[in-house]
Amino acid sequence: MAKVHSLVGAATTEYFQSFRRHVYVTPKSYLSFLKTYCLVYNQQYSGIKELADKINNGLVKLDEAAKDVEVMKGELAQTELVLAEKAVQSAALLKEITASTATAEKTKAEVKIVADAAGSKAETIGAEKAEVEKDLAAAKPALLEAESALNAIKPDDIKNLKALKNPPDVIKIIFDGVILLKRGGMQKCTIVDIKGVACYKDNYSEAGKMMGDSNFLQSLQQFSKENITDEDCELVLFCALMLHVL
């Protein structure tokens, strides 16, 4: 190859001396070398350029990520403040709930005690109710008989009683019972002798005033038995004992 180049060089010199014109000869291998060089250069340049673009894009992304991290750090700091405040509130709420639970348990225990007492009381009341109902059933015939006797009294009967200046002691004591039930006025209790028996002095004068009322008989027939108290029963029972003695 070197010899060929030397011969070509000598020929071009000889040609210049003969015709005074330069002739340049480039070997095809050199041209092929240049072509290959350009091809390789372009390939390497494209690869390096692609790699550089990727690196630049990566750097841009890293820069954006750094900015995002700074923003997130600020948001995280604000979130930590909110979380700290919520933690304090949660602790206070938990303390309040604990106190409320303790109070509720205490109230529950107190309610249970009251409920147990009420249950026991209800059983006692039930037993007393049964006994009272039994007594009422036993007393009902006497009550019906008394109501029937009361309804049998006529206004003329009241007039006749009122006309008596000194009725029998039995009638006076019966009217004492009526005065007691109607909450009428009573004299101071004094002991007198009636047929050899020590007895209280009657209140027939007050009974005479009651019989003067035109609605007296109606008030007796419409008298509300529900208003009778235990004390009334004891006092009337005393009058009944006096009637039995006399």
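In what follows, every heavy atom counts, from backbone to side chain, and hydrogens, waters and symmetry copies are set aside.
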Kindly list each side-chain donor-acceptor pair under 3.5 angstrom involving residues 38-53, sequence neighbours excluded, with atom names and distances?
residue: Asn42; atom: ND2; partner: Cys38; partner atom: O; Å: 3.1
residue: Ser46; atom: OG; partner: Asn42; partner atom: O; Å: 2.9
residue: Lys49; atom: NZ; partner: Asp53; partner atom: OD2; Å: 3.4

Atom pairs and distances, donor-acceptor, side-chain atoms in residues 99-120, under 3.5 Å, two or more places apart:
residue: Ser100; atom: OG; partner: Glu96; partner atom: O; Å: 2.9
residue: Thr101; atom: OG1; partner: Ile97; partner atom: O; Å: 2.7
residue: Thr103; atom: OG1; partner: Ala99; partner atom: O; Å: 2.9
residue: Thr107; atom: OG1; partner: Thr103; partner atom: O; Å: 2.8
residue: Lys112; atom: NZ; partner: Asp116; partner atom: OD2; Å: 3.2

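For the side chain to side chain contact (heavy atoms under 4.5 Å, CB included) with Lys73, the lone residue among Leu76, Val69, Val71 that qualifies is Val69.
The closest side-chain heavy-atom distance from Glu64 to Lys67 is not below 4.5 Å.
To the nearest 0.5 Å, atoms NZ (Lys61) and CG (Asn56) are separated by 13.0 Å. For the atom pair OG1 of Thr79 and CE of Met72, the computed distance is 10.0 Å after rounding to the nearest 0.5 Å.
If you chain together ILVMFWY residues whose side-chain heavy atoms come under 4.5 Å of each other, Val88 ends up in a group of its own.
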